[in-house]
There are 2 protein chains.
Amino acid sequence: MSDQLHPGYEPESPCHYRRALEVVSSKWTVLVFYELEKGSKRYSELRKQIEGVTKKMLTQTLRQLERDGLVRRTVYPTVPPTVDYALTPLGLTLIEPMRMLHRWTEAHYDSVLQSRRAYDNEPAPEDAAEPDLAAEPD
Amino acid sequence: MSDQLHPGYEPESPCHYRRALEVVSSKWTVLVFYELEKGSKRYSELRKQIEGVTKKMLTQTLRQLERDGLVRRTVYPTVPPTVDYALTPLGLTLIEPMRMLHRWTEAHYDSVLQSRRAYDNEPAPEDAAEPDLAAEPD
DNA sequence: CAGAATCCGTGATGATACTG
DNA sequence: CAGTATCATCACGGATTCTG
């Protein structure tokens, strides 16, 4: 338990914007959420669905979500251990806000990418005399 | 190799959930957003409002937002440089989703904190026979 | 199967100093 | 005022090994 997901900048974030992200913004959290949205799943299930996640990070993410009361962990005392994860009622309330972000991305992510490309093509606006359109040849 | 603020797990996040966070989830991004929501501000203004941010991080955050097309940077050629930052129309569209998260936190953050405390008081559920209510006296 | 423990690289972040 | 540049740290996250 050496790894804590959230470093201790402050005991509690003063801003509600930050508090929300504090709960959600981990790399794998959203993906776990996305999977559990569809229903409860086993540990190995999650590992298969969430490509690229290591056991360590998956466990760590799930533990944090459990600690925050967003996910409930159920252990069945079978001979090979069986552990089931599901969203709690509290966790379910987060689905709506996350869907909002989801829809925003669907609607505007192209614009973001476009803006990034445009930005990356402008070398360095040291002298803003006249806009030079000859950025790159065709 | 050529990585900016976001680690290159993949060229572009396949999941819209993650894409949204890719844009928003930086530590200072939300705070900058929170300030610019009220109107355009100068660099030094932002530095004063956002406590604890260094010039480096503020610049880095603003540059990223500018690159993503969410913030517009305006330089006035005064003798002491004056730089103004404001949300773009695209940036404004992000306010709504972020408000959702904001409200979620206002409504449920107490539950999260409560859950954390409860979780931290349970030492180690090695044997889950019966729920022991005598965790620790007050 | 579902983790725990360990080692370790990398990169984000913070502090400081310099610039135009 | 509004940055840039450089350095140091340290937690995040990955890979591996061990366990019940």
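Order of the sequence lines sets the chain letters (A, B, ...), proteins ahead of strands, with each chain counted from 1.
- Contacts of B:Arg42 classified as side chain to side chain contact (heavy atoms under 4.5 Å, CB included), with partners at least two apart in sequence or in another chain: B:Ser44, B:Glu45, B:Thr82, B:Asp84.
- To the nearest angstrom, P of C:dA2 lies 10 Å from CZ of A:Arg47.
- Scanning for side chain to side chain contact (heavy atoms under 4.5 Å, CB included) contacts around A:Ser111 gives B:Leu90, with sequence neighbours left out.
- Summarising the geometry, the separation between CG on B:Leu58 and P on C:dA12 is reported as 18 Å, rounded to the nearest angstrom.
- When the salt bridge (Lys or Arg N to Asp or Glu O under 4.0 Å) test is applied to A:Glu106, no partner is found at least two apart in sequence or on another chain.
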Between the protein and nucleotides 2-8 of chain D, which nitrogen or oxygen pairs come in under 3.5 angstrom?
residue, atom, partner, partner atom, Å
D:dA2, OP1, B:Val83, N, 3.1
D:dA2, OP2, B:Ser44, N, 2.8
D:dA2, OP2, B:Ser44, OG, 2.8
D:dG3, OP1, B:Arg73, NE, 3.3
D:dG3, OP1, B:Arg73, NH2, 2.7
D:dG3, OP2, B:Tyr85, OH, 2.7
D:dG3, N7, B:Lys55, NZ, 3.4
D:dG3, O6, B:Lys55, NZ, 2.5
D:dT4, OP1, B:Arg63, NH2, 3.2

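- Atom CE of A:Met57 and atom P of C:dT10 are 18 Å apart (whole Å).
- Look at CG on B:Leu31: it is 12 Å from P on C:dT13, rounded to the nearest Å.
- Protein atom NZ of A:Lys48 is 8 Å distant from nucleotide atom P of C:dC1, rounded to whole Å.
- When the side chain to side chain contact (heavy atoms under 4.5 Å, CB included) test is applied to B:Leu92, the partners found at least two apart in sequence or on another chain are B:Leu87, B:Ile95.
- The side-chain heavy atoms of B:Val83 and B:Thr74, taken from C-beta on, include no pair separated by under 4.5 Å.
- For the pair A:Thr54 and A:Pro80, both in contact range of DNA chain D, the more 5′-proximal nearest nucleotide belongs to A:Thr54.
- Going from atom CD1 of A:Ile50 over to atom C1' of D:dG13 covers 15 Å, rounded to whole Å.
- For A:Arg63, the side chain to side chain contact (heavy atoms under 4.5 Å, CB included) partners at least two apart in sequence or on another chain are A:Thr59, A:Glu66, A:Arg73, A:Tyr85, B:Tyr119.
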